[in-house]
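Computed from heavy atoms alone, side chains included, the values below leave out hydrogens, waters and symmetry copies.
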Amino acid sequence: MNCIRRASENREGLRTASLTEWAKRWKQLVEKGPQYGTVEKAWHALMTEAERVSELHLEVKNALMNDDFEKVKNWQKEAYHKQMMGGFKETKEAEDGFRKAQKPWAKKLKEVEGSKKAYHAACKEEKLAISRETNSKADPALNPEQLKKLQDKVEKSKVDSQKTKEKYEKTLKDLDGATPQYMENMEQVFEQCQQFEDKRLRFFKDLLLDVEKHLDLSNSDGYSGIYRDLEYAIKSADVLEDLKWFKNNHGPGMSMNWPQFEEWSADLNRTLSRREKKKPGEGVTLTGISQAGEGSLQNKHSSHLSVQSVQSTQSSPNPFEDEEEANNIIEKEDSKTKKLVTPRCLFLSSLSFVPPSGAAEIATHGVHVFSH
């Protein structure tokens, strides 16, 4: 149960959180970065893959806890019953069964061990008595009465030794006679334990197979579908289409607004005062020129190009600028999609961008921005 819980929390839970965090971070970086078009969609497909795999790992985590963990928990309740005094009922029943089966044989075994001990002690005493008798014959200081006592002791030790031997042999024979019944009774209890162990081992085998099925994502239709979709998204990237889009939005294919002849108007013949020229925050930022048929993709990437304010560009000479500084005029059109600035032609070349660390380096084309 602890193993499954740790697998759910540490293996699947941390993997889910890691993939989700990675996908969220890089999705924002790619959206804010310079990439565009179908290749950007292919890049986003990587984050989609991580999110979908993260969801699968979350499903694995839930399956481990809701299915496998609960299965072990319920099996434990059914197979092991706790006692009031501690321990399990099944353990006590097995111990009691073995104790009852071996009780008669254990009693006879105890008698055999006692008779064997008595026989060995009698043999030892007999040997000592014979040794004393032998030594006394060589001792002239002993009188015949003392020698007679040693001889009697030898005879008595021989008799005791024979009696204990006969008893030892009899108890051993009785033990041998009880052994078959003892083996039968013990085997019956053992088979009961084997049946219980057989159920436990089969349950664990089936449980581990269930865990393996939950962990193995390679056999999941959803898992294989993720990478089919990822491969399709990457192969769907159209380089020529992206080049065409960039040309039409940031290159010579974009909409032009060349200077045209304009009649003099008294309302437009107002010279900007020096105070108005130096007023901060009056700069005009080129956010892009909307073109019919272009989607949200143009709005995102047109914001990457900006033009300094009129005040900051006055210091650099422009070949298309009139020599008379008094002719700086701000014209306003009613059109919401265009902003006209002081007559200038802006040229941005070799515009490059280095994305955040971890992303592939991407450099855009030289960009020509024509504006009036």
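Note on Leu58: it does not cluster hydrophobically with Val53, by side-chain heavy-atom contacts below 4.5 Å among ILVMFWY residues. If you chain together hydrophobic residues whose side chains sit under 4.5 Å apart, Val112 and Met183 fall into the same group. If you chain together hydrophobic residues whose side chains sit under 4.5 Å apart, Leu150 and Leu128 never meet in one group. By the rule that hydrophobic residues join a cluster once side-chain heavy atoms approach within less than 4.5 Å of another member, Val39 and Tyr36 end up as members of separate clusters. Clustering ILVMFWY residues whenever any of their side-chain heavy atoms sit less than 4.5 angstrom apart, transitively, puts Leu14 in a cluster other than the one holding Leu56.
For the pair Arg52 and Asp229, the salt-bridge criterion is met [side-chain N within less than 4.0 Å of a carboxylate O]. At a threshold of 4.0 Å, the pair Arg6-Glu9 counts as salt-bridged, since one of the basic side-chain nitrogens sits closer than that to a carboxylate oxygen. The pair Lys149-Asp152 does not count as a salt bridge, with every side-chain nitrogen at least 4.0 angstrom from each carboxylate oxygen. With respect to the salt-bridge test (charged N to carboxylate O, under 4.0 angstrom), the residues Asp174 and Lys170 qualify. Using a cut-off of 4.0 Å between Lys/Arg side-chain N and Asp/Glu carboxylate O, Arg202 and Asp206 are scored as not salt-bridged. By the 4.0 Å N-to-carboxylate-O rule, Glu197 lies close enough to Arg200 to be salt-bridged with it.
For Phe88, the CZ atom is densely surrounded, since the number of other residues' heavy atoms within 6.0 Å is greater than 12. Residue Arg5 places its CZ atom among more than 12 non-hydrogen atoms of other residues, nucleotides or ligands, all under 6.0 Å distant. Taking a 6.0 Å sphere around OH of Tyr182, one finds it holds more than 12 heavy atoms contributed by other residues, nucleotides or ligands. Residue-environment remark: CD (Glu21) stays at or below the threshold of 12 foreign heavy atoms within 6.0 Å. Heavy-atom contacts from other residues, nucleotides or ligands closer than 6.0 Å to CE of Met1 number more than 12.
Under the 4.5 Å side-chain criterion, counting only non-hydrogen atoms from C-beta, Gln151 is not in contact with Glu155. At a threshold of 4.5 Å between non-hydrogen side-chain atoms, the residues Asn249 and Met254 do not count as touching. Two residues are said to be in side-chain contact when any heavy atoms from C-beta on lie closer than 4.5 Å; Asp67 and His214 meet this criterion. At least one side-chain heavy atom of Lys158 sits under 4.5 Å from a side-chain heavy atom of Ile130. Side-chain contact check for Arg11 versus Leu215: some heavy-atom pair is nearer than 4.5 Å. Side chains of Lys82 and Lys89 form no contact here, defined as non-hydrogen atoms less than 4.5 Å apart. Put simply, the side chain of Arg99 does not reach to within 4.5 Å of the side chain of Lys103, judged on heavy atoms. Contact annotation: the side chain of Lys27 approaches that of Glu51 to within less than 4.5 Å [non-hydrogen atoms, C-beta and beyond].
Taking CZ from Phe190 and CD from Gln194, the interatomic distance works out to 3.5 Å, rounded to the nearest 0.5 Å. Separation of atoms NZ (Lys73) and CE (Met65) is listed at 8.5 Å; rounding is to 0.5 Å. With rounding to the nearest 0.5 Å, the separation of NZ in Lys116 from OH in Tyr119 is 12.5 Å. In this structure, the separation between NZ on Lys108 and OG1 on Thr171 is 9.5 Å, given to the nearest 0.5 Å. For the atom pair Glu241 CD and Ser236 OG, the distance stands at 12.5 Å (nearest 0.5 Å). Remark: Asn62 CG to His57 NE2 distance equals 13.0 Å, nearest 0.5 Å.
Side-chain atoms of Asn185 and Gln181 include a donor-acceptor pair closer than 3.5 Å. Thr20 and Ser54 are linked by a side-chain donor-acceptor pair at a separation below 3.5 angstrom, with hydrogens and angles left out of the test. Using a 3.5 Å distance cut-off with no hydrogens or angles, the side chains of Thr38 and Asp242 do pair a donor with an acceptor.
Within the 3.5 Å criterion, the main-chain N or O of His81 finds a donor-acceptor partner in the side chain of Glu90. At least one donor-acceptor pair under 3.5 Å links the side chain of Ser115 to the backbone N or O of Glu111. In this structure a side-chain-to-backbone donor-acceptor pair under 3.5 Å is present from Thr16 to Glu12. Thr48 places a side-chain N or O within 3.5 Å of a backbone atom of His44 that can act as its donor or acceptor partner. A donor-acceptor contact shorter than 3.5 Å is absent between the side chain of Thr91 and the backbone of Gly87. Side-chain atoms of Thr164 come within 3.5 Å of backbone atoms of Asp160 as a donor-acceptor pair (strictly under, hydrogens ignored).
When all heavy atoms of Ser161 and Ala122 are compared, the pair lying nearest together is CA-CB, 3.6 Å. Minimum heavy-atom separation, Glu49 to Ile226: CG-CG2, 3.6 Å. Annotation for Leu64 and Ile4: closest pair O-CG2, 3.4 Å, computed over non-hydrogen atoms. Contact record, Ala50 with Leu19: O-CB, 3.9 Å, taken as the closest heavy-atom pair. Shortest non-hydrogen contact noted between Leu175 and Thr179 is O-OG1, 2.8 Å. Contact record, Leu46 with Trp22: O-CZ3, 4.0 Å, taken as the closest heavy-atom pair.
Taking the six-membered ring for Trp and thresholds of 30 and 60 degrees, Phe203 and Trp75 have nearly parallel ring planes, at less than 30 degrees apart. Note: Trp245 and His250 have perpendicular aromatic rings, judged against thresholds of 30 and 60 degrees for the angle between ring planes.
Ring to ring, Phe196 and Tyr80 are close: their centroids are under 6.0 angstrom apart.
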